[in-house]
Amino acid sequence: MNQATEKTVLSVGYRYEADSAAAALSDAGIASYIRQTPSDNLFVLPSALGFTENGFDVVVRMEDAEKAEELLASLGMGTDEDVVAAPEDAVIDVAAEELTDKSTDEEITEEANAEEQPEPTLLQKIGVAVLALIAVALVVWLTDSAVFWVQRLLGCGRYA
């Protein structure tokens with residue numbers, strides 16, 4: 001399948017959800033595959049703690065898309081927020097009056113993005129430099145200690 005002839009019918013956060021949808025589509029005779037989508041966050045919590053770093057898209061051929069969406073909706077997997085109605089490269093025109101109607105979530109997100117991070121103070125910069133020096137000294141000390149113990153075990157070096 002290539003991007004011109006395929007459509008994303010379901011976007012989910014967990015692999016097991018995508019696997020379930022792909023298995024249901026396969027049982028119905030609809031060819032599909034799962035595409036992992038990268039996270040758009042710079043810092044993400046590890047998935048070992050139960051947080052997803054990536055999402056998963058279930059992709060089908062364009063001619064099977066309507067049937068796939070109906071099947072997933074009948075199984076309760078294709079809710080409005082999960083189904084991607086337009087191809088990823090589609091351009092959606094939005095009227096200017098719709099742009100002035102913002103929900104509270106959108107306003108909060110814009111305000112949070114608009115706030116600039118303050119410049120670190122001199123004391124903070126010095127603290128980071130001191131911590132870096134301590135880390136380097138600790139690495140050197142641990143390496144020297146490890147070399148000392150290996151030399152003693154092997155009976156070589158200056159402490160043999």
Side-chain angles (χ1 to χ4, degrees), residues 1-121 124-125 127-136 138-140 142-143 146 150:
M1 287 190 243
N2 62 32
Q3 286 189 338
T5 62
E6 64 186 25
K7 182 176 181 182
T8 301
V9 292
L10 184 68
S11 295
V12 292
Y14 294 98
R15 178 67 189 219
Y16 73 89
E17 294 172 314
D19 287 336
S20 297
L25 292 171
S26 177
D27 289 344
I30 300 173
S32 66
Y33 72 93
I34 299 171
R35 177 176 53 209
Q36 187 171 4
T37 56
S39 173
D40 58 352
N41 297 327
L42 180 59
F43 300 106
V44 291
L45 294 171
S47 57
L49 296 176
F51 300 100
T52 59
E53 296 180 16
N54 302 304
F56 299 93
D57 292 339
V58 178
V59 182
V60 298
R61 289 189 304 253
M62 194 64 84
E63 56 266 15
D64 294 333
E66 187 175 330
K67 183 179 174 185
E69 288 173 346
E70 289 173 6
L71 174 66
L72 293 175
S74 71
L75 297 173
M77 294 181 180
T79 61
D80 289 337
E81 59 199 30
D82 293 336
V83 176
V84 178
E88 294 173 13
D89 58 337
V91 177
I92 301 172
D93 293 325
V94 179
E97 60 268 12
E98 291 177 10
L99 293 176
T100 59
D101 255 1
K102 294 182 180 174
S103 68
T104 307
D105 292 354
E106 290 173 341
E107 291 171 353
I108 291 171
T109 304
E110 284 183 6
E111 289 174 9
N113 291 339
E115 292 179 15
E116 291 185 26
Q117 294 295 326
E119 181 69 25
T121 64
Q124 289 172 329
K125 291 178 182 178
V128 168
V130 168
L131 286 175
L133 287 173
I134 290 172
V136 168
L138 185 62
V139 167
V140 169
L142 288 172
T143 303
V150 168

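Remember, predicted model here, so these are calculated numbers, not experimental data.
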message = With a 4.5 Å cut-off on side-chain heavy atoms, are Lys67 and Val60 touching?
response = no
Glu66/Lys7 salt bridge by N-O under 4.0 Å criterion = no
ask   = In Å and rounded to the nearest 0.5 Å, what is the CG to OG1 distance from Asp57 to Thr8?
value = 4.5 Å
key: Atom pair CD1 (Ile30) and CG (Leu72), whose distance is rounded to the nearest 0.5 Å   = 7.5 Å
key: Residues that Leu138 engages under side chain to side chain contact (heavy atoms under 4.5 Å, CB included), provided they are two or more places apart   = Trp141, Leu142
message = Give me the atom names and distance for the closest heavy-atom approach of Val12 to Ala18.
response = CG2-N, 3.6 Å
request  = To the nearest 0.5 Å, tell me how far Met62 CE sits from Thr5 OG1.
outcome  = 7.5 Å
note = Heavy-atom closest pair (Gln36 atom, Phe56 atom, distance to 0.1 Å) is CG-CE2, 3.7 Å
Gap between atom OG of Ser74 and atom CD of Glu69 - 0.5 Å precision = 12.0 Å
query = Closest approach of Leu10 and Ala21, non-hydrogen atoms and distance?
reply = CD2-CB, 3.5 Å
request  = Would you name the heavy atoms of Ala65 and Val9 that are closest together and state the gap between them?
outcome  = O-CG1, 4.0 Å
key: Thr121: side chain to side chain contact (heavy atoms under 4.5 Å, CB included) partners, not counting sequence neighbours   = Leu123, Gln124
query = Which atoms form the tightest heavy-atom contact between Ala31 and Asp64, and what is the distance?
reply = N-OD2, 4.4 Å
remark   = So CG of Asp27 and CG of Leu71: to nearest 0.5 Å the spacing works out to 9.0 Å
request  = Without swapping roles, check the side chain of Ser26 against the backbone of Ala22 for a donor-acceptor pair under 3.5 Å.
outcome  = no
